[in-house]
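Bear in mind the structure is a predicted one, so any value in this text is a computation, not a measurement. Atoms within a ligand are numbered from 1 in the order they appear, just like the ligands themselves.
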Amino acid sequence: MAHFPCEKIQYEGSSSKNPFAFKHYNPEEMVAGKSMKEHLRFAAPYWHVMRNVLADPFGGGTAQMPWDDGSDSVENALARVDVFFEFLDKMGIEYYCWHDRDIAPELNDLSASNAALDQVVAKLKQKQTETGVKLLWGTACLFAHPRYSQGAATSPDANIYAYAGAQVKKALESTKELDGLGYTFWGGREGYSTLLNTNMKRELDHLAAFLHMAVAHADKIGFDGPFYIEPKPREPSTHQYDSDSAACLNFLREYGLMDRFTLNIETNHATLAGHTMEHELTVAANAGKLGSIDANRGDTLIGWDTDQFPTDLYLTTQVMLVVLNTGGFTTGGLNFDAKRRRESHEPIDLIHAHVGGMDTFARGLKIAQAIREDGRLADFVQERYSSFDSNVGAKVESGSCTFEELEAHAMAHGEPSLASGRQEMLENLINEFI
Ligand code: XLS
Ligand code: NI
Ligand code: NI
């Protein structure tokens with residue numbers, strides 16, 4: 001039985017008026033030597049597609065899920081897997097992501113929960129084999145259960161810390177079992193509400209020890225994919241330790257974790273941190289740590305993580321410019337960590353939402369590549385710094401310059417004349433392509 005009343009979504013081109021067709025995402029179309037699907041590597045998050053009931057702080061869920069009996073049974077969890085794979089097939093999405101507790105229920109104790117997870121993982125494995133779908137990354141939900149209300153790997157309680165470790169151990173083994181390409185840590189409760197009760201130094205030391213144990217266990221079981229840290233500044237905690245790309249990089253460097261970790265950057269988290277997505281991606285890329293992307297967007301009028309689908313061409317163009325400039329994804333991809341609005345409660349709205357997100361990224365990819373081929377933007381930036389290509393500037397960049405030499409240069413050259421930054425001209429240039 002079909003749960004999403006539409007055919008498989010096909011590419012029909014930009015003149016199509018069919019809401020169940022891609023206007024721009026043409027998976028096999030080549031852009032700069034690679035197919036669109038290889039560039040974009042779309043992934044669907046199990047938690048939003050299958051488990052998000054569309055509640056908000058003022059009201060309960062509205063999502064219609066006729067396939068779901070509402071129970072915490074393993075049977076219900078197994079039934080959802082078929083629906084999810086029907087969804088992936090209709091969308092032509094070849095990657096997915098999960099939290100352990102999205103795919104399988106948390107039962108009375110850890111061993112029962114682990115056994116339930118094993119059953120669902122076995123079914124996911126079979127579906128992956130049948131369809132060729134791949135797991136982009138797995139993760140453990142260390143934020144929903146009340147035991148984690150004061151943190152998991154930063155809990156003040158060693159018993160809870162141990163429980164979290166056991167949960168990550170199992171989630172990592174399940175990721176390995178499904179040939180997952182990566183493993184993500186989003187520190188949902190890893191932060192604090194008040195420093196009055198918090199020993200920040202001990203919590204950060206514990207978090208680092210936790211991540212080192214994860215790496216050691218990955219090595220032990222032969223999981224060699226990257227670990228991602230997903231920055232977010234606040235919500236649910238008042239202050240979260242992984243607040244933005246720069247904070248994460250500093251933490252990873254301080255605790256000797258740079259080798260195995262890279263970043264998974266989410267648009268709405270960037271904006272909550274008071275940055276643009278382009279900024280967060282660029283900070284990561286400069287450190288060689290742009291691993292993967294949670295592709296959503298926020299709402300300028302709402303102050304929380306609204307996890308909306310990307311619809312803004314400027315945003316997707318900026319994202320794809322950074323991605324293309326770094327040479328593209330290797331293990332990562334574009335995971336739509338996005339949910340429908342509470343008012344879009346029918347299953348078919350999931351299809352509309354993803355069609356839009358995929359088309360918006362396809363256009364962003366094509367626009368970004370056109371801007372790169374045109375070359376004027378990159379040429380402008382190169383020219384802007386060209387005084388560092390020779391003479392005193394080149395000496396600075398080689399690390400061999402002294403203040404005496406700068407002084408001699410300044411004395412000899414008199415008052416410098418500074419060129420315009422030409423922001424408006426460049427904004428006009430970008431609009432030529434959008
Ligand atoms: C929540 C996060 C979460 C992570 C995975 O804001 O984005 O969904 O991506 O734990
Ligand atoms: Ni996310
Ligand atoms: Ni988020």
(request) Start with the C-alpha gap between Leu124 and Tyr96, add the side-chain angles, then the distance that decides, and say whether side chain to side chain contact (heavy atoms under 4.5 Å, CB included) holds. (result) CA-CA 11 Å; Leu124 288 168; Tyr96 73 114; 3.7 Å; yes
(request) Tell me, with the steps shown, if Leu313 and Phe433 meet side chain to side chain contact (heavy atoms under 4.5 Å, CB included). (result) CA-CA 10 Å; Leu313 293 179; Phe433 293 87; over 6 Å; no
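For the side-chain hydrogen bond (donor to acceptor under 3.5 Å, both in side chains) test, residues two or more places apart in sequence or in another chain that qualify with Lys90 are Glu86. Contacts of His145 classified as side-chain hydrogen bond (donor to acceptor under 3.5 Å, both in side chains), with partners at least two apart in sequence or in another chain: Arg147.
In this structure, Asp359 does not pair ionically with Arg363, as no charged nitrogen and carboxylate oxygen lie closer than 4.0 Å. Salt bridge annotation for Lys134-Asp179: absent, with no cationic side-chain nitrogen under 4.0 angstrom from a carboxylate oxygen.
For ligand 1, the 4.0 Å heavy-atom shell takes in Trp47, His99, Trp137, Trp186, Glu230, Lys232, Glu266, His269, Asp294, Asp305, Asp337, ordered by chain and residue number.
Listed by chain and number, Glu230 OE2, Glu266 OE1, Asp294 OD2, Asp337 OD2 are the protein N/O/S atoms closer than 2.8 Å to the Ni ion (ligand 2), with waters left out.
Looking only at distances, a side-chain donor or acceptor of Ser292 sits under 3.5 Å from a matching main-chain atom of Gly333. No donor-acceptor pair closer than 3.5 Å links the side chain of Glu230 to the backbone N or O of Glu266. Judged by distance alone, with hydrogens and angles left aside, the side-chain atoms of Arg41 form a donor-acceptor pair with the main-chain N or O of Thr330 at under 3.5 Å.
Residue Asp305 approaches the Ni ion (ligand 3) most closely through its N/O/S atom OD2.
The side-chain heavy atoms of Met258 and Lys289, taken from C-beta on, include a pair separated by under 4.5 Å.
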